[in-house]
Amino acid sequence: MMYTKSLVLALLASAASAAVIPRQNNNNNNNNNNDNNNNQPNFGRCTPTIDFQLGRAGRKADEGTFLPTDPLVAQGQQDALNPNIITNRVCDQLTNVCEANDAAKQLCRQAQAQVAASGARDASVAAAFNRALGF
């Protein structure tokens, strides 16, 4: 009889502490997701990198184009000869779909300005943009 009481008490205690765990986890997740004032870039649900490739579908073999690498960012976007079109898309999507924080958006705009200032349209542009974002 004593064993049964102990078992019941142990089960009730276990159930009570298990009921608390999800609430604690949700609070922790909410705190982590609401760090928009943090100075560290957080790109949210996306990896804001771009890619340069020669001869994509529908292009000449020696024609190089840019495209975002993240499927969420690239959704509905065609490749472009002009890297500024793609960097603009990446930075816009940080707000539109990625849930990035302000530090990430600002960093992206800085990287975008570097690309525009370079005037280049080759693989070095994609590498420089990605590097400026920390990738």
Side-chain angles (χ1 to χ4, degrees):
M1 181 79 165
M2 184 64 152
Y3 177 74
T4 305
K5 287 182 183 177
S6 297
L7 182 60
V8 169
L9 288 176
L11 287 173
L12 287 174
S14 176
S17 61
V20 172
I21 291 171
R23 169 169 269 137
Q24 290 171 342
N25 286 344
N26 286 339
N27 287 341
N28 288 339
N29 289 341
N30 289 340
N31 289 340
N32 290 339
N33 290 336
N34 291 329
D35 65 345
N36 286 340
N37 294 326
N38 190 342
N39 290 333
Q40 296 299 313
N42 180 338
F43 297 103
R45 301 175 7 184
C46 303
T47 303
T49 55
I50 65 173
D51 179 43
F52 176 85
Q53 288 185 20
L54 295 172
R56 290 188 204 267
R59 301 284 186 172
K60 297 176 189 172
D62 63 346
E63 195 171 43
T65 59
F66 298 88
L67 197 61
T69 60
D70 188 286
L72 190 58
V73 175
Q75 187 173 4
Q77 176 67 51
Q78 295 181 351
D79 63 327
L81 295 167
N82 183 345
N84 298 307
I85 292 169
I86 301 304
T87 60
N88 188 60
R89 170 64 174 222
V90 170
C91 293
D92 285 349
Q93 292 297 77
L94 290 179
T95 297
N96 297 337
V97 297
C98 298
E99 301 171 2
N101 69 6
D102 289 338
K105 294 173 197 175
Q106 183 179 10
L107 186 62
C108 191
R109 294 296 177 200
Q110 291 169 359
Q112 183 181 21
Q114 290 174 6
V115 167
S118 78
R121 293 185 177 207
D122 57 28
S124 70
V125 171
F129 181 78
N130 296 342
R131 192 171 40 254
L133 294 176
F135 295 96

Using residues 73-81 as the side-chain source, report each donor-acceptor pair under 3.5 Å to any protein atom, sequence neighbours left out, with the distance given to one decimal.
residue: Asp79; atom: OD2; partner: Arg59; partner atom: NE; Å: 3.2
residue: Asp79; atom: OD2; partner: Thr65; partner atom: OG1; Å: 2.8

ring-ring contact (aromatic ring centres under 6.0 Å, His included): pairs with one or both residues in [range], sequence neighbours excluded:
range: residues 75-121; result: none
range: residues 45-67; result: Phe52-Phe66
range: residues 99-119; result: none
range: residues 103-135; result: Phe43-Phe135

Evaluate the criterion side chain to side chain contact (heavy atoms under 4.5 Å, CB included) for residue pair Leu67 and Gln53; output intermediate values, then yes/no. CA-CA 8 Å; Leu67 197 61; Gln53 288 185 20; over 6 Å; no
Decide yes or no for Lys105 and Thr95: does some side-chain heavy atom of the first lie under 4.5 Å from some side-chain heavy atom of the second? yes
Which residues pass the salt bridge (charged side-chain N to carboxylate O under 4.0 Å, His left out) test with Arg89, sequence neighbours left out? none
For Asp70, give me all partners under salt bridge (charged side-chain N to carboxylate O under 4.0 Å, His left out), at least two apart in sequence or on another chain. none
Check the pair Asn84, Val115 against side chain to side chain contact (heavy atoms under 4.5 Å, CB included), reporting the backbone distance first and the verdict last. CA-CA 7 Å; Asn84 298 307; Val115 167; 3.6 Å; yes
Disulfide (SG to SG under 2.5 Å): pairs with one or both residues in residues 52-90, sequence neighbours excluded: none
Does anything in residues 92-135 pair up under disulfide (SG to SG under 2.5 Å), and if so which pairs, sequence neighbours excluded? Cys46-Cys98, Cys91-Cys108
Do Ile85 and Val97 belong together in a cluster built from hydrophobic side chains that touch within less than 4.5 Å? no
If you round to the nearest 0.5 Å, how far is CG of Asp102 from CG of Asn42? 11.0 Å
OG1 on Thr87 to CD on Gln114, rounded to 0.5 Å: 11.0 Å
Using side chain to side chain contact (heavy atoms under 4.5 Å, CB included), reason through Leu72 and Arg45 one step at a time and then give a plain yes or no. CA-CA 8 Å; Leu72 190 58; Arg45 301 175 7 184; 3.3 Å; yes
Residue pair Pro48 / Asn130: nearest heavy atoms and the distance that separates them: O-OD1, 4.4 Å
Looking at every heavy atom in both Leu94 and Ala104, which two are closest together, and how far apart are they? CD1-O, 3.9 Å
Pairwise salt bridge (charged side-chain N to carboxylate O under 4.0 Å, His left out) hits with a residue in residues 109-118, at least two apart: Asp92-Arg109
Which residues satisfy the side-chain contact (heavy atoms from CB on, under 4.5 Å) test with Thr69, sequence neighbours excluded? Thr49, Asp51
Name every donor-acceptor pair, under 3.5 Å, that has one atom in a side chain of residues 119-127 and the other anywhere in the protein, sequence neighbours excluded.
residue: Asp122; atom: OD1; partner: Ser124; partner atom: N; Å: 3.0
residue: Asp122; atom: OD1; partner: Ser124; partner atom: OG; Å: 2.4

